[in-house]
Amino acid sequence: MASTYPFEASFEELSAHADAFVDEVFASLESGFLVMPRGQGFVAFPDFENGYETLKQVTENFSKLEEPIIFATALRVPLVLVVLRTMLGFTPSEWAYVAGQSSGLEITQGFARSLDRKIRLNPMTPLRPSPVIEPRIRALVEIACKMLSDGAPTTPPELLHRLDKADTRGGLSSAKAAAAMGVPYAMLLYERFLGRPFAGHRDSISELVGDVLELAIETELTNAGISFRKTRRAERVPGFDQAPDFIVPSEFNPQIVIEAKITEDDGTARDKVTRIQHLASLSASGGPSLPRGFEVIACIGGRGFKQRREDMKKMLLATKGKVFTVKTLTKLIEFTRLKEFRTTR
DNA sequence: ATTGCATTAATGCCTCGAGT
DNA sequence: ACTCGAGGCATTAATGCAAT
């Protein structure tokens, strides 16, 4: 085979040796799941512990859970709310639902989510709720106190109550015991097993993971002095049903589009392949506000793409070989039409 | 403040083919 | 003919942020 990398190959070479090029791309893909960004809203353990200790103090070692006291404390140390939610083992949405049901107030899932997010972003900033917000927070605290005090009701054996866990099963006495004596390592592991490890945090930084790749592309483009338009989340760009991540030189004149995707999951990878194929067909057909024949470039990362040989073939053919990974990103400009837009050496 | 959108991971069900 | 595993596919849940 004459060419090493798919982006150097002619279309004839590409289709003749598709499998070899798939191997080449696979070889340069690596997985990055072992490390993840902390992100803005990451709650470090000392902060979380501070919330916990505060709650433990004002409840006198979890011997009494009273709404007025906890509400006042939560305003002062907002992480108390996060700790309460963790004791319940609920998502913000779920907490909002039970609070709404029991209080009769309208407490939307979005409200609980943004409150939780706000606290995680600024754990040390006291809350100053407006008259509209205050009763909602009170209702959240109220229902948490009640549920944590009552513990899990008995359920038929085939059902499992969400409060049926070590520290909440028997109401306050369970929490009290857990706080005083700790919980066995096996119990910690069991909880971890039920909730996939780092799930909440992973979900919240899911977009930052992709940023690493996007930033690398941005650097390449900027260094070469190439004009580009980077689209934002859920942005609408005329001509595209879903906006590609980069458009060169601008959204009004799409000559080159770049899709950047990292995934560790094969289902997601499949989805991305479909999307890139769709871009390729848009390029072939053109559209009301799209010139025909714009170049489609894929920049990919993560082991998810390794799972699917057939899909990778499709992607290589759809992009005419213009598939880059973190390892080959330095060749991005040289081997694509991007070089036509270069203004610096 | 609320809503809608895109993104991501995880999971169950289905199909297909290899091996017994 | 049957079993088992792998891969494909669709669905679900959770999340942050731009738009409203």
Side-chain angles (χ1 to χ4, degrees), chain A residues 22 26 31-34 36-43 82 85-86 88-97 100 105-122 127-137 139-140 162 192-214 229-238 240-246 251 259-279 298-315:
Chain A
V22 169
F26 279 3
S31 182
F33 74 97
L34 284 178
M36 51 189 173
R38 278 175 189 266
Q40 275 193 300
F42 182 74
V43 178
V82 175
R85 178 167 78 76
T86 311
L88 290 166
F90 291 172
T91 63
S93 303
E94 290 166 342
W95 196 5
Y97 177 78
L105 291 172
E106 172 145 9
I107 304 177
T108 64
Q109 309 198 348
F111 165 75
R113 278 173 51 193
S114 29
L115 178 66
D116 204 79
R117 173 86 177 139
K118 191 162 102 184
I119 295 170
R120 279 180 284 132
L121 286 172
N122 295 297
L127 295 175
R128 302 199 311 109
S130 71
V132 191
I133 305 295
E134 181 182 320
R136 295 184 193 164
I137 300 184
L140 288 171
R162 288 282 291 273
R192 194 183 290 171
F193 162 69
L194 292 181
R196 53 200 223 275
F198 288 91
H201 181 61
R202 283 224 316 270
D203 289 348
S204 78
I205 48 95
S206 63
E207 192 163 67
L208 289 179
V209 174
D211 280 355
V212 178
L213 182 59
E214 292 191 17
R229 168 69 147 78
K230 186 171 186 248
T231 60
R232 280 170 300 198
R233 179 196 279 258
E235 192 170 355
R236 300 242 59 103
V237 175
F240 298 96
D241 32 17
Q242 266 182 29
D245 297 317
F246 294 88
E251 78 235 61
E259 269 289 307
K261 272 302 155 265
I262 292 181
T263 177
E264 307 291 331
D265 173 80
D266 65 329
T268 313
R270 178 183 145 269
D271 206 50
K272 295 315 142 200
V273 174
T274 313
R275 186 145 146 201
I276 283 162
Q277 283 184 299
H278 180 61
L279 280 172
C299 295
I300 58 173
R303 69 176 190 282
F305 285 104
K306 268 196 194 180
Q307 318 277 326
R308 304 173 158 268
R309 170 162 287 273
E310 281 314 304
D311 284 340
M312 184 55 67
K313 245 186 236 177
K314 289 179 192 165
M315 188 188 299

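Here is how names work: the chains are called A, B, and so on, in the same order as the sequence lines, proteins then strands, and each is numbered from 1. Please read all numbers here as calculations on a predicted model, not as lab measurements.
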Visitor: Using the side-chain heavy atoms of Thr91(A), tell me which of these nucleotides is nearest: dC17(C), dA1(B), dA14(C).
Guide: dA14(C)
Visitor: From Arg85(A) CZ over to Leu140(A) CG, what is the distance, rounded to the nearest 0.5 angstrom?
Guide: 11.0 Å
Visitor: CZ of Arg113(A) versus P of dC17(C): gap in Å, rounded?
Guide: 11 Å
Visitor: Which pair of heavy atoms, one from Ala260(A) and one from Asp245(A), lies closest together, and at what distance?
Guide: N-OD2, 2.8 Å
Visitor: Quick one: on DNA chain B, does Ile133(A) or Glu259(A) contact a more 5' nucleotide (nearest heavy atom)?
Guide: Ile133(A)
Visitor: Rounded to whole angstroms, how far apart are CG on Leu121(A) and C1' on dT15(C)?
Guide: 13 Å
Visitor: Decide yes or no for Ile133(A) and Phe111(A): does some side-chain heavy atom of the first lie under 4.5 Å from some side-chain heavy atom of the second?
Guide: yes
Visitor: The helix from dA1(B)-dT20(C) to dT20(B)-dA1(C): angle between its terminal axes, five pairs each, to 10°?
Guide: 10°
Visitor: Just so I know, are the side chains of Leu115(A) and Ile137(A) near enough to count as touching, which here means a heavy-atom distance under 4.5 Å?
Guide: yes
Visitor: Not counting sequence neighbours, which residues clear side chain to side chain donor-acceptor pair (under 3.5 Å) with Arg120(A)? List them please.
Guide: Asp116(A)
Visitor: Just how far, in rounded Å, is P of dT7(B) from CD1 of Ile276(A)?
Guide: 12 Å
Visitor: So does Arg117(A) get a side-chain nitrogen or oxygen closer than 4.0 Å to the phosphate oxygens (OP1/OP2) of dC17(C)?
Guide: yes
Visitor: In this structure, how many angstroms lie between the C1' atom of dG4(B) and the CZ atom of Phe111(A), rounded?
Guide: 20 Å
Visitor: Please enumerate all residues that pass side chain to side chain contact (heavy atoms under 4.5 Å, CB included) together with Leu121(A), with sequence neighbours excluded.
Guide: Gln40(A), Arg117(A)
Visitor: At less than 4.0 Å, is any side-chain N or O atom of Arg120(A) found next to OP1 or OP2 of dT15(C)? Yes or no.
Guide: no
Visitor: Between dG16(C) atom P and Lys118(A) atom NZ, what is the distance in whole Å?
Guide: 15 Å
Visitor: Taking atom C1' of dC17(C) as reference, at what distance in whole Å does atom NZ of Lys230(A) sit?
Guide: 13 Å
Visitor: When you get a sec, tell me which of dA14(C), dA1(B), dT15(C) is the closest nucleotide to the side chain of Glu94(A)?
Guide: dA14(C)
Visitor: For the pair made of CH2 in Trp95(A) and C1' in dT15(C), what is the distance, rounded to whole Å?
Guide: 18 Å
Visitor: Between dA1(B) atom P and Leu115(A) atom CG, what is the distance in whole Å?
Guide: 11 Å
Visitor: Where the side chain of Arg136(A) meets the backbone of Leu105(A), is there a donor-acceptor pair that is under 3.5 Å apart?
Guide: no
